[in-house]
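Predicted, not measured: the structure shown is a model, and the values here were computed from it.
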Amino acid sequence: MKVIVCFKEAPDLERMAPADWETDAALKPDTRFVPTVLNVYDESALEMALRLRDAARGREKTTELIALTVDSVSPPRMLKNLLALQYDRVVKIESSLDLRFHALAVAKLLAAFIKTQDDAPVIFCGVRSNEGDNGKTPLLLAEMLGIPCITPVIDATLAAPDESLDVTVDIDGWRVGQRVRAPVVLAVGNVAGSSLRIPTLKDKMRVKGREPEMILPAGIDVEEIAAVMAREEELVSLKTERQKRDTAFVRGQDMAETAAIFYNQYLKKRAGI
């Protein structure tokens, strides 16, 4: 089974102060000075793929893992850590374009690489990123490849004896299971306890000398990608939303009176009693 995990590192926007959200002429904030972190949904996808590989050990057919990114900010340390975690290939699609808010262009680059693969893969993607936060990329990628997309996935396990997967999705709080076969795009959502494992020093020494692959897939025209980006929605303004909660203090002579005031003045009104 071939498994491709699409991931990105993005600026840690929580470390930006309000004054840092100044924009350039294109109305995009400068995040070059902000430390980067793995997109949380992509981190879950990377770990989920590793667990599939672990479960497949000892089987006749092996699992090939490929980590794929088009994010220009991914530091070499992160890419080499994935090699240390025994990803067979770590591929970075190089681009000089600012792809932060252009899901269609990102999906086009991902699809171009995936189409070069001989085997039909299982493709993991985070359901969305903290930049853009539009949730479009997995759906657009599946459409370009002409394969199904399942979202939001919270678990995926091997189904014996073939190479199908038992996939669990979370739909409005309900867990629904289904069995799927490659090729398929699995958009990984909010998975509890799915932090990416940390490679040991021994793991890192094992891959010493190996480097991630930096490529531009054949047949991709950068000017065509730029034209795709120009046709997408244009960012025209940014504004800060105030996140403020209404607060009221309830005080009575004792706990019983306080509870009665809280019930009569607030809970009954909210409940429509």
Side-chain angles (χ1 to χ4, degrees), residues 3-24 28-51 65-87 89-103 105-107 109-110 123-138 141 151-155 170 186-201 203-204 207 211-214 235 238 240-241 243:
V3 177
I4 298 177
V5 186
C6 305
F7 74 98
K8 70 178 294 185
E9 284 217 12
D12 188 357
L13 301 182
E14 293 185 359
R15 298 199 180 191
M16 293 181 65
D20 296 331
W21 286 89
E22 297 180 0
T23 58
D24 56 19
K28 294 182 179 179
D30 183 4
T31 58
R32 290 173 296 178
F33 64 94
V34 183
T36 59
V37 292
L38 259 178
N39 176 44
V40 62
Y41 298 112
D42 296 345
E43 182 176 3
S44 296
L46 288 163
E47 177 61 26
M48 194 175 292
L50 289 172
R51 293 177 185 178
L65 297 186
I66 300 175
L68 176 64
T69 183
V70 296
D71 193 348
S72 59
V73 301
S74 293
R77 176 185 56 80
M78 180 64 237
L79 302 181
K80 296 200 76 169
N81 278 351
L82 292 176
L83 287 174
L85 290 174
Q86 298 183 38
Y87 269 83
R89 297 175 64 190
V90 177
V91 181
K92 177 179 175 181
I93 302 175
E94 293 189 301
S95 173
S96 59
L97 302 173
D98 183 356
L99 302 172
R100 288 180 293 170
F101 304 101
H102 297 283
V106 171
L109 285 169
L110 293 174
I123 303 161
F124 285 96
C125 298
V127 70
R128 60 173 55 87
S129 72
N130 64 346
E131 287 184 305
D133 195 29
N134 50 51
K136 293 180 180 178
T137 304
L141 178 60
T151 182
V153 173
I154 59 173
D155 194 21
D170 185 346
L186 303 179
V188 178
N190 190 17
V191 183
S194 61
S195 298
L196 182 64
R197 62 192 72 176
I198 300 173
T200 65
L201 179 59
D203 293 331
K204 294 180 180 180
V207 297
E211 296 293 337
E213 303 172 40
M214 311 296 183
L235 179 63
L238 287 174
T240 302
E241 293 187 1
Q243 297 181 350

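Checking side-chain atoms of Thr137 against main-chain N and O of Ala107 turns up no donor-acceptor pair under 3.5 Å. In this structure, Asp42 contributes its side chain and Gly126 its backbone to a donor-acceptor pair below 3.5 Å.
Shortest non-hydrogen contact noted between Leu38 and Lys8 is CD2-O, 3.7 Å. Taking both residues in full, the closest heavy atoms of Tyr87 and Leu50 are given as CE1-CD2, 3.6 Å, listed atom of the first, atom of the second, then distance. Minimum interatomic distance between Gly189 and Tyr41 (heavy atoms only, all atoms of both residues): O-CD2, 3.3 Å. The two atoms that bring Val3 and Ala49 nearest to each other are CG1-CB, 3.9 Å, heavy atoms only.
Taking CG of Asp203 as the reference point, atom NZ of Lys80 lies at 13.5 Å (rounded to 0.5 Å). Rounding to the nearest 0.5 Å places CG of Leu109 at 11.0 Å from SG of Cys6. Rounded to the nearest 0.5 Å, atoms CG (Leu82) and NZ (Lys92) are 12.5 Å apart. Atom CG of Leu68 is separated from atom CD1 of Ile123 by 9.5 Å, given to the nearest 0.5 angstrom. From Asp170, atom CG reaches atom CG of Asn190 across 8.0 Å, with rounding to the nearest 0.5 Å. Note: Asp155 CG to Leu186 CG = 11.0 Å, rounded to the nearest 0.5 Å.
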Step by step, work out the side-chain contact (heavy atoms from CB on, under 4.5 Å) result for Glu213 and Ile66.
CA-CA 11 Å; Glu213 303 172 40; Ile66 300 175; over 6 Å; no
Margin query: As a quick check of understanding, evaluate side-chain contact (heavy atoms from CB on, under 4.5 Å) for Leu196 and Leu85, giving each step before the final call.
Written below: CA-CA 10 Å; Leu196 182 64; Leu85 290 174; 4.0 Å; yes
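Under the 4.5 Å side-chain criterion, counting only non-hydrogen atoms from C-beta, Cys125 is in contact with Leu141. Side-chain contact between Pro212 and Leu83: present, with at least one pair of heavy atoms (C-beta onward) separated by less than 4.5 Å. Two residues are said to be in side-chain contact when any heavy atoms from C-beta on lie closer than 4.5 Å; Leu110 and Ile4 fail this criterion. Looking at heavy atoms from C-beta onward, Lys136 lies out of side-chain contact with Arg128 at the 4.5 angstrom threshold.
Evaluation of the side-chain hydrogen bond (donor to acceptor under 3.5 Å, both in side chains) rule for Asn81 yields no partner, not counting sequence neighbours. Residues passing the salt bridge (charged side-chain N to carboxylate O under 4.0 Å, His left out) test with Arg197, sequence neighbours excluded: Glu47, Asp54. For Ser44, the side-chain hydrogen bond (donor to acceptor under 3.5 Å, both in side chains) partners at least two apart in sequence or on another chain are Ser194.
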